[in-house]
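The structure appears below as structure tokens.
Atoms within each ligand, like the ligands themselves, are counted from 1 in listed order.
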Amino acid sequence: MTRRTIVAGNWKLNKTIAETRRLIQLFRNRLAGIDTRATVLVCPPTVAIETAVDAAKGSAVGIGAQNVFWEPGGAFTGEVSVPMLEAAGVEFVLIGHSERRSIFGETDAEVNRKLKAVLGGDLTPIVCVGESLEEREAGRTEEVVRRQVETGLSEVAPDHAHRLVLAYEPVWAIGTGRTATPEMANEVHRLIRGRLVDMFGGRSADGISILYGGSVKAENAASLMAETDIDGVLVGGASLDAESFTEIVRSAP
Ligand code: PGA
């Protein structure tokens, strides 16, 4: 099965509303000049989501949110819900990014609740997993990633599996300039796909795109995406610059 290639930008806590409009305009103009089969999206901060959707209208740029809460509404100060994102024209949402896990204490069980809420609607979830430096050095990468996948994706109905996107982001590679080698990353991607096969069957698992994230730049994106089980990239820092993000899209197979 051919999996779709996805190039996603995670802006994190960067860009005001005005800056969001400007960056998306710059990016969509550059993107219009290149021929790509990749699905392209950016995830601006929540306050700029509506502006981002508007600025991207009519272009190939999709808009994602960086986080979501599992309840549709109610007394949950500070949160944003699936129906709210859908009504704003958002198509994708990151779930369980390592910064959510390490700074805001998100657990695998919470990742699972969020995922199930998202699958109850129409958004495409991008579920992030990855080990810390200590975990890798202790030889626990497989165990940690396996737990994150098994718990994070538990009770997902097999007929929803085709809507899943995963992102493997080793925590030690995020924002550090230290990238996993393509071979190292692909090894973990294969391991993740093996778990997906066990959970959803070979046919479904084969169709799930698994992105790599962690210091992806124009210089290393092509060699990462050339690997058999790396189906795209999730880009932080380098997605804040229209030119470097366009170069990354250009290097997608
Ligand atoms: P980075 O971030 O590309 O800046 O390392 C990636 C991410 O956190 O998604």
Has E135 got more than 12 heavy atoms of other residues, nucleotides or ligands less than 6.0 Å from its CD? yes

Can you tell me if G213 contacts ligand 1 (heavy atom of the residue under 4.0 Å from the ligand)? no

Any idea which part of I174 is under 4.0 Å from ligand 1, heavy-atom wise: side chain, backbone, both or neither? both

May I ask you to identify the nearest protein heavy atom to atom 3 (O) of ligand 1, giving residue, atom name and distance to one decimal place in Å? G236 N, 2.8 Å

Does E106 come within less than 4.0 Å of K114, counting only side-chain N to carboxylate O? yes

Using a 6.0 Å cut-off, check whether atom CD1 of I103 has over 12 heavy atoms from anything other than its own residue. yes

Is A173 touching ligand 1 with its side chain, its backbone, both, or neither, if touching means heavy atoms under 4.0 Å apart? backbone

Going by the atom numbers of ligand 1, which of them fall below 4.0 Å from some non-hydrogen atom of G175? 1 (P), 4 (O), 5 (O)

NZ/NE/NH1/NH2 to OD/OE distance under 4.0 Å, D198 and R195: yes

Taking only non-hydrogen atoms of H97 and a 4.0 Å limit, the atoms of ligand 1 in range are 7 (C), 8 (O), 9 (O)

Whether D122 and R163 form a salt bridge (side-chain N of Lys/Arg under 4.0 Å from carboxylate O of Asp/Glu) is what I want to check. no

Salt bridge or not between D229 and R3? Use side-chain N to carboxylate O under 4.0 Å. yes

Got a salt bridge between E143 and R140, using NZ or NE/NH1/NH2 to carboxylate O under 4.0 Å? yes

Sub-4.0 Å atoms of ligand 1 with respect to non-hydrogen atoms of E169: 6 (C), 7 (C), 8 (O), 9 (O)

Could you list which atoms of ligand 1 come closer than 4.0 Å to a heavy atom of G237? 1 (P), 3 (O), 4 (O)

Which ligand 1 atoms are under 4.0 Å away from a heavy-atom of S215? 1 (P), 3 (O), 5 (O)

If the threshold is 4.0 Å, N to carboxylate O, is there a salt bridge linking E131 and R136? yes

May I ask you to check if ligand 1 and K12 share an N or O to N or O distance below 3.5 Å? yes

More than 12 foreign heavy atoms under 6.0 Å from CZ of R22: is that the case here? no

Please identify which atoms of ligand 1 are closer than 4.0 Å to at least one heavy atom of N10. 9 (O)

Within ligand 1, which atoms have a heavy atom of G214 less than 4.0 Å away? 5 (O)

Short N or O distance, V235 and ligand 1, threshold 3.5 Å exclusive: no

